[in-house]
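Worksheet: one structure, shown below.
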Amino acid sequence: MKVVVIGNTGFIGSNIFNSLDKAKEYDLIGISKNEIDLSRKNSHVALSNYLTADCIVIMCAGVKKQLGDNLDIFEKNLNIVNNFCRTVSRMSPKKIIYFSSASVYGEDVVYSEKISEKTPVQPSTYYGIAKYTAERLLEKTCTENEAELVILRPPLIYGKNDRSRGYGPTGFTYKAINNEEIILWGDGTEYREFIYVEDVSKIISRLINSDHNGVVNLVSGRSYNFQQILDSLSGIIGSGIKVKEHQRTKAKVDHHYSNKVLNDLVGDFKFTSLESGLVDMYQSLITLKKEEQLNN
């Protein structure tokens with residue numbers, strides 16, 4: 001089976017690519033921004049040379065929200081999906097697995113029930129709007145070209161090799177290791193989902209052979225708050241970490257998700273707990289820091 005990973009050198013894409021490569025079960029092709037920059041005009045022509053009618057495409061390419069949430073990045077993300085859709089129209093691959101985001105549900109929206117695939121979307125950021133626009137464009141393109149489409153909506157994905165270092169598990173861990181001050185908005189008790197990146201790769205390996213079409217919330221169904229991240233890091237490091245509370249600029253919002261659809265698709269999958277994920281990431285970052293010190 002031919003599998004094409006677009007964005008294979010990024011944080012999520014590289015983990016997926018390496019996991020599939022180790023399995024030795026696929027004719028695997030990786031395409032990075034250095035090879036084809038999908039934000040550029042007519043880049044779909046070059047991408048068409050890699051896709052075939054019998055291949056499966058895992059689409060991870062895009063500009064992260066952590067790198068800026070503005071109109072310029074919104075435009076880049078739209079250019080990327082536009083060029084990808086043009087490629088799909090030309091080549092009609094068998095299946096597309098597209099990485100969208102739970103941001104389409106709205107980051108500041110209060111929900112009285114768990115967020116499911118049937119929850120109405122209410123994107124409130126440029127990133128979320130771009131992701132939902134991409135979903136609709138792909139749905140139309142895949143319908144017209146008879147290609148299967150799985151849309152994944154993950155919450156914040158964290159883990160080693162994440163260079164964005166945003167607000168949450170990865171950014172907090174980097175700052176704790178380097179004895180830097182961690183900014184905590186409010187009291188840090190708002191709930192969010194955090195998914196360990198290696199879990200994402202394992203789930204993708206199961207979804208490749210699934211016949212499911214449509215939206216899937218890529219979630220464990222368990223949320224944590226930011227104070228729990230800090231408590232876990234304190235236990236791991238064994239010493240105090242620097243934290244400074246800032247007054248919240250927005251109302252406190254908790255997010256909890258239903259993972260029933262995902263469970264039905266991938267079976268009894270055991271997600272990495274926040275505590276275990278932080279331990280693995282902390283150890284890998286400490287090792288990397290020691291190697292950098294030796295090299296210097």
Side-chain angles (χ1 to χ4, degrees), residues 3-26 28-37 58 60-68 99 154-184 188 192-205 218 220 224 226-244 270-296:
V3 176
V4 180
V5 181
I6 302 176
N8 72 303
T9 57
F11 169 51
I12 298 172
S14 62
N15 275 275
I16 292 171
F17 185 88
N18 293 336
S19 178
L20 295 177
D21 190 40
K22 289 178 182 178
K24 305 298 181 186
E25 297 178 5
Y26 310 101
L28 192 61
I29 296 174
I31 302 172
S32 70
K33 180 182 177 181
N34 291 333
E35 293 159 326
I36 302 176
D37 185 351
I58 301 173
C60 304
V63 184
K64 284 186 174 184
K65 178 183 61 178
Q66 290 92 334
L67 301 180
F99 272 83
L156 191 148
I157 299 173
Y158 74 99
K160 51 190 176 184
N161 301 322
D162 181 6
R163 300 187 183 279
S164 65
R165 305 181 188 183
Y167 188 78
T170 307
F172 287 7
T173 304
Y174 270 99
K175 287 182 179 295
I177 287 174
N178 292 293
N179 199 32
E180 297 176 15
E181 188 176 75
I182 298 171
I183 301 300
L184 184 68
R192 294 289 186 273
E193 266 249 23
F194 308 111
I195 300 297
Y196 196 55
V197 68
E198 291 182 5
D199 290 345
V200 174
S201 299
K202 293 173 183 176
I203 288 171
I204 288 296
S205 67
L218 204 168
S220 68
Y224 300 86
F226 294 95
Q227 185 59 56
Q228 287 175 298
I229 301 173
L230 296 175
D231 292 342
S232 293
L233 285 175
S234 294
I236 294 167
I237 296 173
S239 60
I241 55 179
K242 298 178 181 178
V243 179
K244 183 176 182 179
K270 185 177 181 180
F271 281 87
T272 301
S273 67
L274 176 65
E275 295 81 1
S276 296
L278 288 172
V279 168
D280 288 346
M281 186 167 60
Y282 172 80
Q283 291 174 343
S284 69
L285 293 177
I286 287 294
T287 300
L288 180 61
K289 186 174 182 179
K290 289 179 178 179
E291 291 175 350
E292 290 175 346
Q293 290 173 341
L294 288 174
N295 292 331
N296 292 332

**Report entry** Spacing of Leu20 atom CG and Asn15 atom CG [to the nearest 0.5 Å]
**Finding:** 11.0 Å
Query raised in the report: Is the Tyr167 ring parallel, tilted or perpendicular to the Phe226 ring (thresholds 30°, 60°)?
Result: tilted
Query raised in the report: Are Asn34 and Thr9 close enough that some pair of their side-chain heavy atoms sits under 4.5 Å apart?
Result: no
Requested in this report: Only counting residues at least two apart or in another chain, list the ones meeting salt bridge (charged side-chain N to carboxylate O under 4.0 Å, His left out) with Lys175.
Outcome: Glu180
Query raised in the report: Nearest 0.5 Å, what's the CG-NZ distance between Leu184 and Lys244?
Result: 12.5 Å
Report task. State whether a side-chain donor-acceptor pair under 3.5 Å links Asp199 with Thr272. Result -> yes
**Report entry** Under the side chain to side chain contact (heavy atoms under 4.5 Å, CB included) test, residues paired with Thr287 that sit two or more places apart
**Finding:** Glu291
Query raised in the report: Could you walk me through whether Gln283 and Ile286 pass the side-chain contact (heavy atoms from CB on, under 4.5 Å) check?
Result: CA-CA 5 Å; Gln283 291 174 343; Ile286 287 294; 5.8 Å; no
Report task. Would you indicate whether the side-chain heavy atoms of Phe17 and Ile58 approach each other to under 4.5 Å? Result -> no
**Report entry** Nearest heavy atoms of Lys160 and Ser284, plus distance in Å
**Finding:** CB-OG, 3.3 Å
Query raised in the report: Under 6.0 Å from the NZ atom of Lys64, do we count more than 12 heavy atoms belonging to anything else shown?
Result: yes
Report summary line: When rounded to the nearest 0.5 Å, the distance separating CD1 of Ile236 from OH of Tyr282 is 8.0 Å
Report summary line: Rounding to 0.5 Å, atoms OG1 (Thr173) and CD1 (Ile182) come to a distance of 7.5 Å
Query - Side chains of Leu278 and Phe194 in contact at under 4.5 Å (non-hydrogen atoms) - result: no
Report task. Find out whether Tyr158 and Ile229 are in side-chain contact, i.e. whether some heavy atom of one side chain is under 4.5 Å from a heavy atom of the other. Result -> no
**Report entry** Nearest-0.5 Å distance that lies between atom OG1 in Thr170 and atom CZ in Phe11
**Finding:** 5.5 Å
Report task. Could you grab the distance from atom CG of Leu28 to atom OG of Ser19, nearest 0.5 Å is fine? Result -> 10.0 Å
